[in-house]
Each structure stands twice: as C-alpha cells, then as structure tokens.
Amino acid sequence: MIKLAVIGAGNLGQAIIKGLHAKLGSDCSIIATRNQIEKIQYLSCDQIEITVDNIKAVQQSDLIIIAVKPFKVASILEQIKPHLQTNRHILVSVATGITTQQIAEWSNTNIPIYRAMPNTAIEICESVTCLSRHSSHSKFDSEIEDLFNHLGQSILIPEDLMDAATVLGACGIAYVLRFIRAMIQGGIEIGFDARTAANICEQTVRGAAGLLIENGLHPEQEIDKVTTPKGCTIRGLNEMEHQGFSSSLIKGIISSFEKIQ
C-alpha cells in the first residue's frame, strides 16, 4: 500500500492523482490538499481524501509530492518540516526550477528528496518524467521510478540536466503539437477536411513514435524506409530542409533553454 500525499492539487497535482488512482486503485491511498478545496471535491472517494490541512496530509503519508507553484515551495516546507520523519518520508517536488538543495535547506531535513519533471501527457498516463535526486539516497530510486512509470515513462538524470529536461520533455509537447498543427493545415491545403486531416496526422505521429520505440532505430533509418529514389517523400523532405525545418526546431529548443536559465 502506497500512502501518498499531494500537496497543492492544481492541474498537475490532479493529473498525478487521477493517473495513480486509475493505475493502482486500492493499492494507493492518497490524501490531497488545496486551499480552494471545492475545486478538488470531485476527486473524493474511498482511496482519495481531500483536505486543506497540509500537516494532516504529511502525517498520514509516507511519500509526499509537493505540487504547488515554485514561489510557494519555501513556505509550504516551513509549515510541514516539523512533521517530516527521517526514517519514514520521501519528498518529491514537481515545482519547476527549485533544486533539491534548496528543498533540503528549506525543509531542514535529511529525508530522501527528489525532483520530478513530467509533461502534460501525464493527464493520460503517457508522460515522460525526468527525475533527479539529492545526495546519496539512491536506494529509493527504483521506488520513485516505478511510481512515475505508472504515469508514462520515467528517466533518472543528473540534476544539472533538469532545465534541459524541462525544455525537451515538457516544452517539447508544444513543439510536437505545433508540428502536428502544421501537418493538419497542409492536409487541408491538399484536399482533406480538418477532422480527417487531424485523424491521419495524429495516427501518423503515434505510429512514427511507435516505430522508434519498438524497433530502437535512429529516426534516419526509419526515414530511409520511406524515401525512394525520385519519390515524393524525399522531395518534400528536401524542400522542408531548404526552408530551415530542422535548424529552426533546433534553434527553438536552444532558445527555450537559454530563457529557462
């Protein structure tokens, strides 16, 4: 039985709660907090308790997810730190830009501390969640990875790559969606109605990702299977490259990274 507290059940916190409840059911007991408790009233059930009391949530849990806005993390930790127990609690923060060292200092504790950076696909349990940890509490790595694997796929990375992970994994959702939007617009230009174009493009993107995941090949190897001599695919690809497709995407990723730093 996982005894989980989610402190700050906003959009991300609610997505985590709903995903874990759907995947684990009665194997996971969740207590969720939010000041505007009426906004999470719908979550209440046998396995999910809702409250405005952060201290109660900590006392009733073993694993604590801090899901408040970054500017609220310090005050939340100040409130709950007298109730954190070294041999019991694990703390996971999903607050962007707050380091595990800051969390350790603000909580004044030696409990295991992790950062998690999911993306919005966590809502449908298809997130890539990058994880990093503070100091040497590696014996809990598999436990935290397993938890977030229920919400997609988790990857443990050095903490100094968390900003980069935010850009590639979290901002990356927007980049992919913009690409899909452009594909749909192109589909409309060549004769499809918007809904049909969307259906074709969405499944094409799903299939492309599936090929890479299942076959474990470099994207260029899969591209080679589609590009025939003098064919329409290579013609389209070359035109996109002439217009700066790859370089603009790379520059966008780098620009986002420079901004986040």
Side-chain angles (χ1 to χ4, degrees), residues 1-118 120 122-123 125 127 129 131-135 137 140 143-148 150-151 154:
M1 168 69 74
I2 299 172
K3 295 182 178 180
L4 174 70
V6 177
I7 296 180
N11 291 334
L12 178 55
Q14 290 174 56
I16 291 171
I17 292 165
K18 288 186 285 188
L20 291 177
H21 178 61
K23 293 288 186 175
L24 296 174
S26 59
D27 290 331
C28 184
S29 172
I30 302 172
I31 181 167
T33 76
R34 183 165 177 168
N35 288 335
Q36 296 172 299
I37 196 170
E38 67 279 1
K39 292 188 175 182
I40 57 170
Q41 191 71 47
Y42 75 97
L43 292 171
S44 182
C45 65
D46 288 345
Q47 286 81 40
I48 304 173
E49 179 182 354
I50 62 170
T51 180
V52 296
D53 191 341
N54 294 328
I55 293 172
K56 177 184 178 182
V58 169
Q59 292 173 335
Q60 292 185 193
S61 64
D62 300 321
L63 198 156
I64 304 160
I65 296 179
I66 303 293
V68 298
K69 299 292 186 184
F71 70 90
K72 293 183 177 180
V73 173
S75 61
I76 291 294
L77 291 173
E78 179 67 27
Q79 180 188 39
I80 68 172
K81 70 180 181 181
H83 307 278
L84 297 173
Q85 299 177 27
T86 302
N87 296 321
R88 178 186 177 190
H89 287 120
I90 300 173
L91 195 62
V92 179
S93 168
V94 295
T96 303
I98 305 297
T99 67
T100 58
Q101 181 60 38
Q102 287 175 300
I103 294 168
E105 291 172 359
W106 292 338
S107 60
N108 191 29
T109 181
N110 193 38
I111 66 172
I113 296 170
Y114 288 80
R115 284 177 68 184
M117 177 49 62
T120 54
I122 200 168
E123 182 178 333
C125 298
S127 174
T129 301
L131 303 168
S132 62
R133 60 173 158 77
H134 184 254
S135 70
H137 292 292
F140 298 103
E143 182 177 342
I144 302 303
E145 286 181 278
D146 287 346
L147 181 77
F148 282 95
H150 290 297
L151 303 171
S154 65

With a sphere of 6.0 Å drawn around [atom1] of [X], does it hold more than 12 non-hydrogen atoms of other residues, nucleotides or ligands?
X: Asp146; atom1: CG; answer: yes
X: Glu145; atom1: CD; answer: yes
X: Lys23; atom1: NZ; answer: no

Which heavy-atom pair separates [X] from [Y] by the least distance, and what is that distance?
X: Pro70; Y: Thr96; result: CG-O, 3.4 Å
X: Tyr114; Y: Thr100; result: C-CG2, 4.2 Å
X: Ala67; Y: Val94; result: CA-CG2, 3.5 Å
X: Asn110; Y: Thr86; result: O-CG2, 4.4 Å
X: Ile65; Y: Ile16; result: CD1-CG2, 4.0 Å

State whether the side chain of [X] and the backbone N or O of [Y] hold a donor-acceptor pair below 3.5 Å, judged by distance alone.
X: His89; Y: Val58; result: yes
X: Thr33; Y: Gly8; result: yes
X: Gln102; Y: Thr99; result: yes
X: Gln14; Y: Ala9; result: yes

Enter the distance from [X]:[atom1] to [Y]:[atom2] here, rounded to the nearest 0.5 Å.
X: Ser107; Y: Ile113; atom1: OG; atom2: CD1; value: 4.5 Å
X: Leu77; Y: Ile66; atom1: CG; atom2: CD1; value: 5.5 Å
X: Ile122; Y: Ser127; atom1: CD1; atom2: OG; value: 5.0 Å
X: Phe140; Y: Leu147; atom1: CZ; atom2: CG; value: 14.0 Å
X: Trp106; Y: Ser93; atom1: CH2; atom2: OG; value: 9.0 Å
X: His83; Y: Ser61; atom1: NE2; atom2: OG; value: 12.0 Å

Got a salt bridge between Arg88 and Asp62, using NZ or NE/NH1/NH2 to carboxylate O under 4.0 Å?
yes
Do NZ/NE/NH1/NH2 and the carboxylate oxygens of Lys18 and Glu123 come within less than 4.0 Å?
no
With sequence neighbours excluded, give me every salt bridge (charged side-chain N to carboxylate O under 4.0 Å, His left out) pair touching residues 108-117.
Arg115-Glu159
